[in-house]
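What follows is a short report on a single structure.
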Amino acid sequence: MGQAKIYYDSDADLGVLSNKKIVFLGFGNQGSAQAQNLRDSGISNDQILIANRVDSYAETAKSKGFHVEHDFSTAAEVADVLFILIPDQVQPRVFNEQFSPKMKSNATIVVASGYNVFFNLLKFQPGQDVVMVAPRMIGSSVRSLHEKGRGFPCFVSVEQDGTGKGLDAALALSRAIGATKQGAIASSVREETVMDLFAEQALWPNIIMMFREAFNVLKDAGCSDEALCYEMWMSKEPAEIFERAADDGFVAQLKHHSTVSQYGQLSGSLKLEGGAMREHFKDILYNQILSGKFCEAFSQIEDDLDKEGDTNPLNELYKRSEEMELVKAEKRVRARLAGLL
């Protein structure tokens, strides 16, 4: 695939949103940020409705001056545009049961994550537009950057063009939340989902494993818990490196390191052939992600994720991870230095 098309403010017409009732399903980090940005962009507060169950998020929405509706059927009936901004694992149940049957046949449905659309877990009517507007930053940054007059990276796509005007709506909504100021990148739910799941299931598990084994080797070599924790992550040096990579370039940021560091990292990485790792990554991509195997397995445990204790599979994974020497050592260090951290 060649270079992606990038859309800017000049490509989007906010007039497309005139007189549209825009409903946000969920007022968490992304819902709060995007709804406030939308209002700041000139969309009338009366056009915006927050659909949220009775909880602290709903109270926060009210405190910020938004209209809140706890009855999802009522919110669904009035929505010309619906932002689905609740966790992936609960979207099919909430949307398919409480929103989809009541929504207008020509409504625009907006997702910020491609997961449920890519795996066909949401039920749409054929005349509806289904678009993705997916900021690549956490909600607090989406909000703070907009307040500073800056944009943020975002993916945009049209997955179902029921009205024939899906792209117009997607771009108008992207501009309204502040995404086209820096440039909204044309993408797809397939691309977004593949990259997201690949990072979560291939890239970061291997990074965690490498930190774990490096910690063990260095500890066996006589390094202290305190020195290891600070050298490897608690000093925040890795975060600074990634920030430099974002600003200067993935490899170019090395020039901020010592000459010894530069030589060691470049010569060491170029010696690694990577073939076995590449095959491992391809196996995860094709046989775990694109095959739908992970999605099927995850769907079987979704209800258990709301449970307490060890019956929640995520809690069980955290419990197992606590047996890592790295985790045990970090707890000892943090307890010892509690007053200084």
| field | Residues Glu325 and Arg212 bridged, charged N to O under 4.0 Å | value | no
| Do the side chain of Asn106 and the main chain of Gly127 share a donor and acceptor less than 3.5 angstrom apart? | no
| query | For the residue pair Phe124 and Phe99, is the inter-centroid distance of their aromatic rings smaller than 6.0 Å? | reply | no
| task | For the pair Ser100 (side chain) and Phe95 (backbone), establish whether a donor and an acceptor sit closer than 3.5 Å, ignoring hydrogens and angles. | result | no
| request: Please round to the nearest 0.5 Å and tell me the distance separating atom CG of Asp13 and atom CG of Asp11. | output: 11.0 Å
| remark: Residue pairs meeting salt bridge (Lys or Arg N to Asp or Glu O under 4.0 Å), one or both in residues 129-142, sequence neighbours left out, come to Arg136-Glu192
| field | Nearest atoms (heavy-atom pairs only) where Ser224 meets Ala227 | value | OG-N, 3.1 Å
| query | Taking all atoms of both residues into account, what is the closest heavy-atom pair of Cys154 and Val133, and its distance? | reply | SG-CG1, 3.8 Å
| said: Any non-hydrogen side-chain atom of His146 less than 4.5 Å from a side-chain atom of Lys181? | reply: no
| field | Backbone N/O of Gln128 and side chain of Gln160: donor-acceptor pair under 3.5 Å | value | yes
| query | What pair of heavy atoms forms the shortest contact from Arg244 to His256, and how long is it? | reply | NH1-CE1, 3.3 Å
| task | With the side chain counted from C-beta on, respond yes when Leu121 and Cys295 share a heavy-atom pair under 4.5 Å apart, and no when they do not. | result | yes
| Between Tyr115 and Phe119, does the ring centre distance come in under 6.0 Å? | yes
| message | By the definition salt bridge (charged side-chain N to carboxylate O under 4.0 Å, His left out), identify the one residue from Arg334, Arg332, Arg336 that meets it with Asp225. | response | Arg332
| message | Taking side chain to side chain contact (heavy atoms under 4.5 Å, CB included) as the definition, give me every residue that meets it alongside Ser258, ordered by chain and number, with sequence neighbours left out. | response | Val260, Ser261
| query | What do you reckon, is CD of Glu77 surrounded by more than 12 foreign heavy atoms closer than 6.0 Å? | reply | yes
| said: Can you tell me how far apart NZ (Lys123) and CG (Asn116) are? Round to the nearest 0.5 Å. | reply: 13.0 Å
| request: May I ask you to test the Tyr8-Ile6 pair for a side-chain heavy-atom distance under 4.5 Å? | output: yes
| query | For the residue pair Trp233 and Phe215, does the interplanar ring angle fall in the parallel (under 30°), tilted (30 to 60°) or perpendicular (over 60°) class? | reply | tilted
| Got a donor-acceptor contact below 3.5 angstrom from the Glu159 side chain to the Val189 backbone? | yes
| request: First locate atom CD1 of Ile43, then atom CG of Asn45, and finally report the distance between them rounded to the nearest 0.5 Å. | output: 11.0 Å
| field | Under 3.5 Å: donor-acceptor pair, side chain of Asp304, backbone of Pro313 | value | no
| query | Under a 4.5 Å cut-off applied to non-hydrogen side-chain atoms, are Ser41 and Arg175 in contact? | reply | no
| said: Looking at Arg143 and Glu147, is any side-chain nitrogen of the basic one under 4.0 Å from a carboxylate oxygen of the acidic one? | reply: yes
| Side-chain ion pair, Glu296 and Lys293, N-O less than 4.0 Å | no
| task | Side-chain contact test, heavy atoms from C-beta onward, threshold under 4.5 Å: evaluate it for Phe152 versus Ile177 and give yes or no. | result | yes
| Between the side chain of Ser32 and the main-chain N/O of Asn29, is any donor-acceptor distance below 3.5 Å? | no
| Does some side-chain heavy atom of Val333 sit less than 4.5 Å from a side-chain heavy atom of Met234? | yes
| Asn206 (side chain) donor-acceptor with Leu203 (main chain) under 3.5 angstrom | no
| Which pair of heavy atoms, one from Asn315 and one from Gly309, lies closest together, and at what distance? | ND2-O, 3.0 Å
| field | Residues in ring pair (Phe, Tyr, Trp, His ring centres under 6.0 Å) contact with Phe27, at least two apart in sequence or another chain | value | Phe66
| message | Once you measure the plane-to-plane angle for Phe24 and Phe83, does it fall in the parallel (<30°), tilted (30-60°) or perpendicular (>60°) bin? | response | parallel
| Is there a side-chain contact between Gln253 and His257 (heavy atoms, below 4.5 Å)? | yes
| remark: Of all heavy-atom pairs linking Ala12 and Leu171, the shortest is CB-O, 3.3 Å
| query | Hey, is CD on Glu322 packed in by over 12 heavy atoms from elsewhere, all under 6.0 Å? | reply | yes
| task | Taking the side chain as every heavy atom from C-beta outward, state whether Ile22 and Asp80 have any pair of such atoms under 4.5 Å apart. | result | no
| Within the distance-only criterion (no hydrogens, no angle test), does the side chain of Asn37 pair as donor or acceptor with the backbone N or O of Val142 below 3.5 angstrom? | yes
| message | Keeping Ser267 on the side-chain end and Tyr263 on the backbone end, is there a donor-acceptor pair under 3.5 Å? | response | yes
| message | If we ignore hydrogens and angles and just use 3.5 Å, is the side chain of Thr108 paired with the main-chain N or O of Val81 as donor and acceptor? | response | no
